[in-house]
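Notes to accompany the following structure.
As the structure is a prediction and not an experimental result, all values here were calculated from the model.
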Amino acid sequence: MARPSDWVVYTLVLAALIGASLGQRENADAPPAPPPPDEMEGALLGPITPFDPAVTVNAPDIPFQPASGTAFSIAGEGRWVTARHVVEGCRRPAIMVGGGRAVAADVRLAPRADIAVLQTAGGPAAIPIATGQPLHKGQRAFHPGYPQGRPGEVTSRLLGRETLRVRGRGQREEPVLAWAEVGRTDLLGGTLAGLSGAPVLDRQGRAVGVTIAESPRRGRIYTTAPDTFGPAVRGLQKADEPLTGRTIDVDNYGLVADDLRRDLRVAQVVCLSV
């Protein structure tokens, strides 16, 4: 039998060595890419505990000063929700309906939360409310309203629970949700004053809470928690209420906010002079 040439032997040995090496190599494949930023959500938000972090807000002990805020429709028969501190102490709260016109509103204050329900003679279509949906850390929310008294909107991500401690006028404690601000209307700088009372919308366009405070230095937005929002609006939106929710994302939330304000489902609240 003819002896194989040296190059054939070398080729066979090299192939055997490569095969053995590949058989013992650990799997170093990169993990799958993470989901798009708009879809990243973390652990389910847990219940209230005594160990939740606390944030303190000092409310000055001075007479009520007329201000403006935001409200949103939850029933076409004329029911709205806003933040309690926007209308508390106001003798003539009203909803702005365009053209410099305003519609007077009656007020019912929630006893243990920064929530108020307004009643007007008729109203626009309602925003769907979702009081029993589970919330996850990292989920995105959208806050359309009237920051600084002008149309504007903010988007945020849920950080977790905190306890809001108000010191001074209206002293109280209540559980809240803390959100990290991650985007806002172009050219909107500085404070978000006037956004109080705006709905906290999930990606299905449902209101899961009310915007009530901000911490500009920390880049945080504080909203009502399900534990207070649910009882405050229970029974106000009927099962047969015509609802017009719309899917929201980071690309269209400005346009959706404009539509909500144009349809007056999100409106400005003011305190009329006596």
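Between the R161 side chain and the P175 main chain, no donor and acceptor come within less than 3.5 Å of each other. Although no hydrogens or angles enter the test, the distance criterion places no donor-acceptor pair under 3.5 Å between the side chain of T82 and the main chain of V87. Between the side chain of D106 and the backbone N or O of Q119, no donor-acceptor pair lies under 3.5 Å. The backbone N or O of I129 lies less than 3.5 Å from a partner atom in the side chain of Q237, making a donor-acceptor pair. The backbone N or O of A125 sits less than 3.5 Å from a side-chain atom of S73, completing a donor-acceptor pair. Put simply, the side chain of Q133 never gets that close to the backbone of A130: no donor and acceptor are under 3.5 Å apart. Judged purely by atom type and a 3.5 angstrom limit, Q268 has no side-chain atom pairing as donor or acceptor with the backbone of R261. Checked by atom type and distance alone, the side chain of T211 pairs as donor or acceptor with a backbone atom of A198 at under 3.5 Å. Side chain of D249 to backbone of D251: a donor-acceptor contact under 3.5 angstrom is found.
The list of ring-ring contact (aromatic ring centres under 6.0 Å, His included) pairs with a residue in residues 225-273, not counting sequence neighbours, reads F142-Y253.
Residues V256 and P144 have side chains not in contact (no heavy-atom distance under 4.5 Å, counting atoms from C-beta outward). By the 4.5 Å heavy-atom criterion applied to side chains, E88 and L109 are counted as neighbours. Using a 4.5 Å heavy-atom threshold, the side chains of V210 and D114 count as separate. Contact annotation: the side chain of L118 approaches that of I95 to within less than 4.5 Å [non-hydrogen atoms, C-beta and beyond]. Between W179 and V200 the shortest side-chain heavy-atom distance falls below 4.5 Å. For the pair T191 and P147, the minimum side-chain heavy-atom distance is 4.5 Å or more. You'll find the side chain of V176 stays beyond 4.5 Å of the side chain of T224, heavy atoms only.
When every heavy atom of G209 is checked against every heavy atom of F72, the shortest pair comes out as O-CZ, 4.1 Å. Scanning all heavy atoms of the two residues, the minimum distance from A113 to T228 falls at CB-CB, 3.6 Å.
No side-chain donor-acceptor contact under 3.5 Å links T163 and E174. Side chains of T185 and E153: a donor on one and an acceptor on the other come within 3.5 Å. Defined by atom type and a distance below 3.5 Å, a donor-acceptor pair is present between the side-chain atoms of R140 and T155.
Salt bridge absent: E173 and R112 never bring a charged side-chain N and a carboxylate O closer than 4.0 Å.
With sequence neighbours excluded, no residue satisfies side chain to side chain donor-acceptor pair (under 3.5 Å) with T131. With sequence neighbours left out, E77 forms a salt bridge (Lys or Arg N to Asp or Glu O under 4.0 Å) with R79, K238. Applying the salt bridge (Lys or Arg N to Asp or Glu O under 4.0 Å) test to R246 and every residue at least two apart in sequence or in another chain returns D259. The salt bridge (Lys or Arg N to Asp or Glu O under 4.0 Å) search around R206 returns D202, not counting sequence neighbours. In this view, R150 satisfies the salt bridge (Lys or Arg N to Asp or Glu O under 4.0 Å) rule with no residue, not counting sequence neighbours.
No single ILVMFWY cluster, assembled from side-chain heavy atoms under 4.5 Å apart, contains both L243 and I74.
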**OP:** Apply side chain to side chain contact (heavy atoms under 4.5 Å, CB included) to I212 and S196, showing your working.
**Re:** CA-CA 5 Å; I212 58 176; S196 290; 5.6 Å; no

